[in-house]
Amino acid sequence: MSAELNSVPSAQSRRPPQAASLDKKYNIRPFKHVHQPSEQIDYANLDAIDLSTFEWGDSDEAKKSRQRLARQLDHSVRTHGFFYLVNHGVDEGIISHLDSISQSIFEVSNEIKAQHLAGSLSSDLDTDSVGAERGPGFKPRQYWNMANGVKDNIEFYNFTQIQHQDKMWEQNHPQIVKDYLNEIANYYQFLHFVVLKQLTILCDIILELPEGTWYENYFQVSQGDISGSGGGFGRLMMYYGHSDEDNEKTNNTWLRGHSDSAGFTFIASQPMVSLQILDYRTREWRYVKHVPGALVVNIGDAVEFMTGGYFKSTIHRVVNPPKSQQGHVRHSIIYFSKPSWVTVIDPDEIDSPLLHRLGVSKPREWEKITYYDWDLEKGRLFGKSKVNDKPGDAPEPVYIHGRLSERWIRDLSV
Ligand SMILES: O=C(O)CCC(=O)C(=O)O
Ligand SMILES: [Fe+2]
């Protein structure tokens, strides 16, 4: 490992002796996920990338193992933009303990939540600030505008600067979060420093770049250097569901269709059948199947732009589950990895032999912008009534620096 951190984060359950009394203090108990559905579901056919077959080193065998995985990944990133990572090294026990911690975090009083807001109380009020989407702390329910005057019924907690060992403590966290911050950060750091590193090496192979190029140039973390470092933020997310009446008004949508703004998103797979992806060729919604222990990974906008659309940042949403799973709370643990703010997000920047051969270059209408320029504007649009008060699932088309903010219709050339 590089000197990104003093020690490589471990994804094994190693909890200090005082952990049991802490768990008692905060009433940490298993989070009850819903059972598997009894209905037949039309699932997306997503690939599973088995990271246990990723071998480090210069031997022919090791190189072949990475090339094999890169071929598989190439298909996923060009088609669905979603795939599973399995045998990635995170114990299932780690995830279920995070589920439990999260459950207790959302049980703190409204008074404490109000002291630790990620943004304002409504997305329409956030004209200049980063908003609850990007700030650290709690996003309250009723923050976003859904269809027909309905507001969302989702709470989340954002962890920002989570890859910077000192900065993550400087955020305004409630005591329960402080008490579990090392454990929570350990998970997110493992995803970044170990899993993302492997994933970006596979992307280098796909793009015919020297292995390590993407990680070193865009995702590497230099402790304390916020603008020059790659990084990411963690999110714990509770979906409480809508009343029948509101489900009808929102066409059963709990989280509006969108693409993620950042690099690669990692979602711990969970059993409620609610996450759907929009197939950009057939324009049909498909459910993402639960694969126990897997990470559901998707491509974000920054990576789509860096590859000139070769990698797909797919529109996805969260909906009311099938009947047999209704009436339960859905919990999801997410990590949004992001390139450094200064990364120029177009294919001319990454100089990939593959993309040159395919004739992919920066479209003339795209302004030359950094990831910071993109994320700032995109973050301000989500859930605003001015883009959502219209019939249908898609928001009002808005251009940001020459790029459509949500691409429900796509160029099919690559
Ligand atoms: O909860 C999920 O499964 C996905 C949430 C999501 O798409 C997001 O927060 O960007
Ligand atoms: Fe998303």
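Whatever order the structure lists ligands and atoms in, that order sets their numbers, starting from 1. Computed from heavy atoms alone, side chains included, the values below leave out hydrogens, waters and symmetry copies. The residues of the chain are indexed from 1 along the displayed sequence.
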All N/O donor-acceptor pairs, side-chain side in residues 397-404, below 3.5 Å, sequence neighbours left out:
| unit_1 | atom_1 | unit_2 | atom_2 | d |
| --- | --- | --- | --- | --- |
| His401 | ND1 | Glu367 | OE1 | 3.0 |
| Arg403 | NH1 | Glu367 | O | 2.9 |
| Arg403 | NH1 | His401 | O | 3.2 |
| Arg403 | NH2 | Ile345 | O | 3.0 |
| Arg403 | NH2 | Glu367 | O | 3.4 |

Give a yes or no on whether the ring-centroid distance for His331 and Phe31 is below 6.0 angstrom. yes
Tell me whether the rings of His173 and Phe159 are parallel (<30°), tilted (30 to 60°) or perpendicular (>60°). tilted
Among protein atoms, how many N/O/S atoms lie less than 2.8 Å from the Fe ion (ligand 2)? 3
Ring-ring centroid check His316 His258, cutoff 6.0 Å: yes
Collect the protein residues that have a non-hydrogen atom under 4.0 Å from ligand 1 and hand them over in chain and number order. Arg235, Met237, Tyr239, Leu255, His258, Asp260, Ile267, Leu275, His316, Val318, Arg330, Ser332, Ile334, Phe336
Take the angle between the ring planes of Phe219 and Phe264 and call it parallel below 30°, perpendicular above 60°, tilted in between. tilted
Tell me whether the centres of the aromatic rings in Phe54 and Trp56 are closer together than 6.0 Å. yes
Across all chains, not counting sequence neighbours, the side chain to side chain contact (heavy atoms under 4.5 Å, CB included) partners of Ile101 are Ile28, His97, Leu98, Ile105, Tyr180, Glu183, Ile184
For a quick check under 3.5 Å, do Asn27 and Ser104 share a side-chain donor-acceptor pair by atom type? no
Given the side-chain rings of Tyr280 and Trp408, with only the six-membered ring counted for Trp, is the space between their centroids under 6.0 Å? no
